[in-house]
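Heads up: the structure comes next, in structure tokens.
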Amino acid sequence: MTAVQAAGRRRLSQGELEMFVLSHERFLSGKPGGKRASLRCVDLSGLNLSGRDLSDADLSGSIFQNCRMVGTRLAGANLFACDLRKANLQGAMMMRADLRGASLRGANVSQADLTRADFREGQIGIAHRGKGLDLQAHERPPGQLDEANFSGANLDGSTFNDVSACAADFTDCSMRGAILTGANLREANLSGAMLEGAEFSGAILDNTRFNGAIMTGVDVKRARSTQGADLSGCLHEPSEDALARADAAFASACANHEWCRTGGREGAPARLDGQDLRPLGSRLKGFRLTAMSAKGACLVGLDLSGAHLQSANLEGADLRGASLKGADLRGARLGGANLTRTDLSGAALAPLPIGATRCNVVALAQAQMRYVSAQGADFSRAVLDGADLRGGDFTGALFRGASLEGVNRMQAAGLPELA
């Protein structure tokens with residue numbers, strides 16, 4: 001029996017499913033009367049599991065076609081050979097889930113956390129019609145992800161060996177260290193994906209879109225076929241020039257730190273416009289970089305947590321995947337910057353007083369802030385006009401007096417209601 005054959009499966013009602021889920025949630029919380037859910041080879045098509053916790057449940061071989069599973073917790077769940085076609089798994093928590101041989105054709109898995117999930121082919125025993133279990137044949141159905149929507153999902157360390165993901169949408173995904181050996185990604189969209197260290201040996205990449213993806217440590221030459229693949233605008237390893245200039249850039253940052261520490265008596269603000277600063281890694285964590293200029297610079301993946309960046313000029317800078325957790329960005333200029341998947345949690349982006357009656361507000365107009373983590377950040381009076389906030393998490397963030405005209409707020413959480 002394959003993942004997409006429903007014959008012989010018991011059909012559960014929403015009420016029956018609720019009893020299983022309640023018992024499993026009691027089991028997870030250690031309450032008496034709880035029992036780990038074992039819902040193997042049942043038909044749950046069209047039912048609602050949104051927001052429920054089925055972590056570590058055994059759901060192997062079951063049918064979830066058209067199920068609503070928004071935000072469902074499925075960490076470590078056994079979804080072996082499940083049929084999840086056209087299921088809505090947006091924002092689901094599926095870390096380490098066993099999805100071998102599963103079908104997610106046409107499913108919505110956007111913004112889900114699938115860290116270290118296993119999508120490899122599965123092996124299923126098929127009983128002989130005459131001799132039953134005494135003689136079994138075996139099927140090895142590949143994972144089927146064709147036309148699935150994974151946009152903004154976290155797929156770090158996931159395994160996709162030999163899966164079929166034709167025309168699947170992986171835009172802006174984090175796929176660091178993902179294994180896609182032998183995968184069929186024909187006409188898939190990986191635009192803007194973070195693919196550091198991903199493996200594509202033997203993969204089919206015909207007409208696959210990689211434009212703007214971060215591809216450090218990636219060798220697409222090992223793929224089986226790349227005919228028509230779009231690799232325009234991809235970010236590869238830092239150049240020899242960038243590596244050679246790293247020490248000088250760090251010295252400028254140190255001078256900026258000293259300028260702040262001495263109240264301007266020593267050192268000077270850093271001028272790093274257009275430079276590739278990735279070789280600095282975490283060396284600027286907690287630095288005082290007030291008034292630094294890094295317009296159009298590449299700061300992808302940098303650890304700037306706790307940094308002092310008051311009135312810094314970061315217009316048009318590439319900050320994808322960077323950590324600005326707890327950073328002081330009051331008065332900073334970030335217009336047109338790319339902050340996709342950046343960590344801004346707890347950051348200060350409020351006005352910076354520069355006199356008794358004057359202040360500099362944070363400029364974020366036209367910034368790319370897709371899937372940003374900005375929980376608890378302070379955007380008071382910030383100008384975000386025209387910014388792309390799709391899929392961002394702004395839970396607990398402050399927006400007192402902020403300007404949000406023309407922003408794209410689709411699937412963003414925590415934004416103030418429109419007036």
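Computed over heavy atoms, backbone and side chain alike; hydrogens, waters and symmetry mates excluded.
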Could you pull out the closest heavy-atom pair between [X] and [Y], with the gap in Å?
| X | Y | result |
| --- | --- | --- |
| Leu99 | Ala117 | CD1-CB, 4.3 Å |
| Glu16 | Arg11 | OE1-O, 4.0 Å |
| Pro279 | Ala246 | CB-CB, 3.8 Å |
| Gln275 | Ala249 | OE1-CB, 4.0 Å |
| Phe399 | Gly414 | CE1-O, 4.2 Å |
| Leu299 | Ala317 | CD1-CB, 3.9 Å |

Charged N to carboxylate O under 4.0 angstrom, [X] versus [Y]?
| X | Y | value |
| --- | --- | --- |
| Glu18 | Arg52 | yes |
| Arg333 | Glu315 | yes |
| Asp230 | Arg209 | no |
| Lys221 | Asp219 | no |
| Arg278 | Glu237 | no |

Partners of Arg224 by salt bridge (charged side-chain N to carboxylate O under 4.0 Å, His left out), sequence neighbours excluded?
->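 In terms of salt bridge (charged side-chain N to carboxylate O under 4.0 Å, His left out), with neighbours along the sequence ignored, Arg224 is linked to no residue.
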
When rounded to the nearest 0.5 angstrom, what distance separates [atom1] in [X] from [atom2] in [Y]?
| X | Y | atom1 | atom2 | value |
| --- | --- | --- | --- | --- |
| Ser311 | Asn360 | OG | CG | 4.5 Å |
| Leu190 | Ser151 | CG | OG | 12.0 Å |
| Asn78 | Asp118 | CG | CG | 10.5 Å |
| Cys82 | Leu59 | SG | CG | 6.0 Å |
| Leu272 | Cys298 | CG | SG | 12.5 Å |
| Arg330 | Cys359 | CZ | SG | 11.0 Å |

Tell me every residue that passes side-chain hydrogen bond (donor to acceptor under 3.5 Å, both in side chains) with [X], counting only those two or more places apart in sequence or in another chain.
| X | answer |
| --- | --- |
| Ser55 | Asp53 |
| Glu147 | none |
| Glu258 | Arg261 |

Distance-only criterion, 3.5 Å: show the donor-acceptor pairs between side-chain atoms of residues 340-348 and protein atoms not counting sequence neighbours.
unit_1: Thr340; atom_1: OG1; unit_2: Asn338; atom_2: OD1; d: 2.7
unit_1: Arg341; atom_1: NH1; unit_2: Gly152; atom_2: O; d: 2.9
unit_1: Arg341; atom_1: NH1; unit_2: Asp172; atom_2: O; d: 3.0
unit_1: Thr342; atom_1: OG1; unit_2: Leu319; atom_2: O; d: 2.6
unit_1: Thr342; atom_1: OG1; unit_2: Leu339; atom_2: O; d: 3.0
unit_1: Asp343; atom_1: OD1; unit_2: Ser345; atom_2: N; d: 3.0
unit_1: Asp343; atom_1: OD1; unit_2: Ser345; atom_2: OG; d: 2.6

Show the numbers, then the answer: is there a side-chain hydrogen bond (donor to acceptor under 3.5 Å, both in side chains) between Arg85 and Ser103?
-> CA-CA 6 Å; Arg85 287 178 295 169; Ser103 175; 4.5 Å; no

With sequence neighbours excluded, what pairs up with [X] under the ring-ring contact (aromatic ring centres under 6.0 Å, His included) test?
| X | value |
| --- | --- |
| Phe287 | Phe250, His257 |
| Tyr371 | none |
| Phe200 | Phe210 |
| Phe27 | His24 |

Quiz question: by atom type and distance under 3.5 Å, do the side chains of [X] and [Y] form a donor-acceptor pair?
| X | Y | result |
| --- | --- | --- |
| Thr171 | Asn189 | no |
| Asp156 | Ser174 | yes |
| Thr159 | Asn161 | no |
| Glu405 | Ser403 | no |
| Asp206 | Gln227 | no |
| Ser239 | Asp241 | no |

Without placing hydrogens or testing angles, list every side-chain donor-acceptor pair under 3.5 Å for residues 177-185, not counting sequence neighbours.
unit_1: Asn184; atom_1: OD1; unit_2: Arg186; atom_2: N; d: 3.2

Is the Phe119 ring parallel, tilted or perpendicular to the Phe160 ring (thresholds 30°, 60°)?
-> parallel

Asn211 and Leu231: CA distance, side-chain angles, deciding distance, side-chain contact (heavy atoms from CB on, under 4.5 Å) verdict | CA-CA 5 Å; Asn211 46 302; Leu231 294 159; over 6 Å; no

Considering residues, nucleotides and ligands other than Arg40, do more than 12 of their heavy atoms fall under 6.0 Å from its CZ?
-> no

Kindly check if the number of other-residue, nucleotide or ligand heavy atoms within 6.0 Å of CZ (Arg116) is above 12?
-> no

Kindly indicate whether the side chain of Gln310, heavy atoms from C-beta on, has any atom under 4.5 Å from the side chain of Cys260.
->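 The answer is no, as the side chains (C-beta and beyond) never meet within the 4.5 Å cut-off.
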
Would you say the side-chain atoms of Ser62 pair up with the backbone N or O of Leu39, donor to acceptor, closer than 3.5 Å?
->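 Checking the backbone N and O of Leu39 against the side chain of Ser62, a donor-acceptor pair under 3.5 Å is found.
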
Is there a donor-acceptor pair closer than 3.5 Å between any side-chain N or O of Asp273 and the backbone N or O of Lys295?
-> yes

For a quick test of your reading: what N or O donor-acceptor pairs under 3.5 Å do the side chains of residues 86-95 make, sequence neighbours left out?
unit_1: Asn88; atom_1: OD1; unit_2: Gln90; atom_2: N; d: 3.2

Residue among Thr208, Leu155, Asn149, Leu195 satisfying side chain to side chain contact (heavy atoms under 4.5 Å, CB included) with Phe170 =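 Exactly one candidate clears the test, Leu155.
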
Single hit among Asp83, Leu84, Leu47 for side chain to side chain contact (heavy atoms under 4.5 Å, CB included) with Phe64 = Leu84

Determine, stepwise, if the pair Asp388 / Val407 fulfils side-chain contact (heavy atoms from CB on, under 4.5 Å).
-> CA-CA 6 Å; Asp388 189 348; Val407 301; over 6 Å; no

Qualifying residues under side-chain contact (heavy atoms from CB on, under 4.5 Å), relative to Gln366, sequence neighbours excluded | none

When you look at Ser164 and Gln144, which way does the side-chain hydrogen bond (donor to acceptor under 3.5 Å, both in side chains) test go after all the steps?
-> CA-CA 5 Å; Ser164 179; Gln144 299 173 21; over 6 Å; no

Candidate pair Glu25 and Lys31, rule salt bridge (Lys or Arg N to Asp or Glu O under 4.0 Å), full reasoning = CA-CA 9 Å; Glu25 290 176 338; Lys31 295 179 180 178; over 6 Å; no

